[in-house]
Protein chains: 2
Amino acid sequence: MNSKSEIYNLLHDKGQRITHQKSILLDILLENTDIMLSVNDILGCISDSSIDATTIYRNMQAFTESGITETMIDHKGLNRYKICDSQPHHHMICTDCGKIINFPCETKFWEPYITENNFTETHHVIKIYGKCSDCVK
Amino acid sequence: MNSKSEIYNLLHDKGQRITHQKSILLDILLENTDIMLSVNDILGCISDSSIDATTIYRNMQAFTESGITETMIDHKGLNRYKICDSQPHHHMICTDCGKIINFPCETKFWEPYITENNFTETHHVIKIYGKCSDCVK
DNA sequence: TTAAATGCAAAATATTTGCACGTTG
DNA sequence: CAACGTGCAAATATTTTGCATTTAA
């Protein structure tokens with residue numbers, strides 16, 4: 001999920017229209033792939049405040065339902081969004097500013113517990129929460 | 001953190017007073033150690049609605065600052081609370097029936113990445129999704 | 001042209017704050 | 001009795017909803 005035309009095709013397939021507002025929102029998301037953006041962050045990126053907050057909420061929900069964006073709720077209860085990664089990996093997420101640092105998965109230390117419980121893994125999620133070097137100050 | 005007297009001692013050490021309201025809240029928390037309770041859940045446990053929501057918010061914050069409770073924000077952005085476990089653990093979650101199986105955290109293989117990025121971890125979440133032994137059949 | 005998307009206003013929800021009064025130690 | 005805790009009311013903040021208007025296809 002890293003080119004605008006790819007996303008446009010996906011939206012088209014879902015019967016959604018390509019609007020001026022969606023185009024701007026996608027530009028902002030594609031320029032910020034390493035941070036989870038709040039609606040307020042996104043508003044701050046729109047210089048002439050040409051998009052209403054309601055429209056941002058509605059489009060972020062639509063994008064998430066279409067698998068274009070992923071979502072989290074930060075330590076203050078704010079929704080944050082980013083474009084989905086094409087490559088799976090894990091995240092350190094700053095609960096203050098939403099910054100994301102990726103790291104690879106190196107072990108599956110839980111394998112014995114899976115076997116023991118006859119559990120069949122389909123996927124796993126590892127997220128490290130805390131403060132990034134800027135926000136810890 | 002599993003007996004009321006232990007918690008009372010801790011509160012006393014922190015210079016906090018033992019009030020009727022705190023006593024009731026602790027009873028509710030101690031009777032619900034396997035679920036994260038929202039303020040609304042807690043209100044629902046108080047039959048005669050003798051405690052104001054504000055008091056619950058303030059006490060849950062105080063409990064959390066004292067290390068008595070732990071907190072999370074759920075998928076809807078609601079704060080939820082539970083008495084701290086003596087042992088932290090992670091979850092295998094069956095995507096069919098919702099069953100949860102706990103397992104302990106044995107490694108922090110991501111430590112080098114944290115150090116490298118000057119990240120300050122507050123907590124981490126590891127969830128293994130899949131099917132439990134019953135649902136895989 | 002017409003169904004979907006948008007902007008604005010208002011509502012809904014969750015949480016926080018100020019302050020007077022009550023209670024604990 | 002003195003400090004802390006509580007309840008009530010009002011303020012904040014975020015997100016959602018209703019509806020008339022605009023716009024993409």
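Because the structure is a prediction, the values reported are computed rather than measured. Lettering of chains follows the sequences in order, A, B, ..., and the numbering in each one begins at 1.
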Checklist entry - So what does B/N59 hit on the nucleic acid, given a heavy-atom distance under 4.0 Å: a base, only sugar-phosphate, or nothing? => result sugar-phosphate
Checklist entry - Without hydrogens or angle criteria, can the side chains of A/K82 and A/T71 be said to hold a donor-acceptor pair below 3.5 Å? => result no
Next on the checklist: We want to know whether B/T64 and B/T69 form a side-chain donor-acceptor pair, criterion being a heavy-atom distance below 3.5 angstrom.
Outcome noted: yes
Checklist entry - Is there a donor-acceptor pair under 3.5 Å between the side chain of B/R17 and the backbone N or O of B/L11? => result no
Item to check | Check: A/D74 side chain, A/G77 main-chain N or O, donor-acceptor pair, under 3.5 Å | outcome: yes
Checklist entry - If you pin B/L78 and B/Q16 to their nearest nucleotides in DNA chain C, which one's is more 5'? => result B/L78
Checklist entry - Can you give one letter per nucleotide of nucleotides 18-24 of chain D, going 5' to 3': B for a protein heavy atom under 4.0 Å from the base, S for sugar-phosphate only, - for none? => result B-----B
Checklist outcome for this item: Rounded to 10°, the helix from C/dT1-D/dA25 to C/dG25-D/dC1 deviates from straight, judged by its five-pair end axes, by 40°
Rounded to the Å, how far apart are [X] [atom1] and [N] [atom2]?
| X | N | atom1 | atom2 | answer |
| --- | --- | --- | --- | --- |
| B/L43 | C/dA14 | CG | P | 11 Å |
| B/K22 | D/dC4 | NZ | P | 11 Å |
| B/D52 | C/dC19 | CG | P | 18 Å |
| B/N40 | C/dA14 | CG | P | 6 Å |
| A/K14 | C/dA5 | NZ | C1' | 18 Å |
| A/D74 | D/dT14 | CG | P | 10 Å |
| B/Q61 | C/dT17 | CD | P | 8 Å |
| A/H75 | C/dA14 | NE2 | C1' | 16 Å |

May I ask you to evaluate whether [X] reaches the phosphate of [N], defined as a side-chain N or O under 4.0 Å from OP1 or OP2?
| X | N | result |
| --- | --- | --- |
| A/Y57 | D/dT16 | no |
| A/Q21 | C/dG7 | yes |
| A/N79 | D/dT14 | no |

Item to check | Exercise: identify the closest heavy-atom pair between B/E121 and B/K108 | outcome: OE2-NZ, 3.4 Å
Checklist outcome for this item: When rounded to the nearest 0.5 Å, the distance separating NE2 of A/H89 from CD1 of A/I101 is 12.0 Å
Checklist entry - How are the rings of A/H124 and A/H90 set to each other: parallel, tilted or perpendicular (split at 30° and 60°)? => result tilted
Item to check | Same apolar cluster (I L V M F W Y, side chains within < 4.5 Å links), B/V125/A/I73 | outcome: no
Next on the checklist: Before you tell me yes or no, could you show the steps for A/D52 and A/T54 under side-chain hydrogen bond (donor to acceptor under 3.5 Å, both in side chains), namely the whole-Å CA-CA distance, both residues' side-chain angles and the distance that decides it to 0.1 Å?
Outcome noted: CA-CA 5 Å; A/D52 192 86; A/T54 309; 2.8 Å; yes
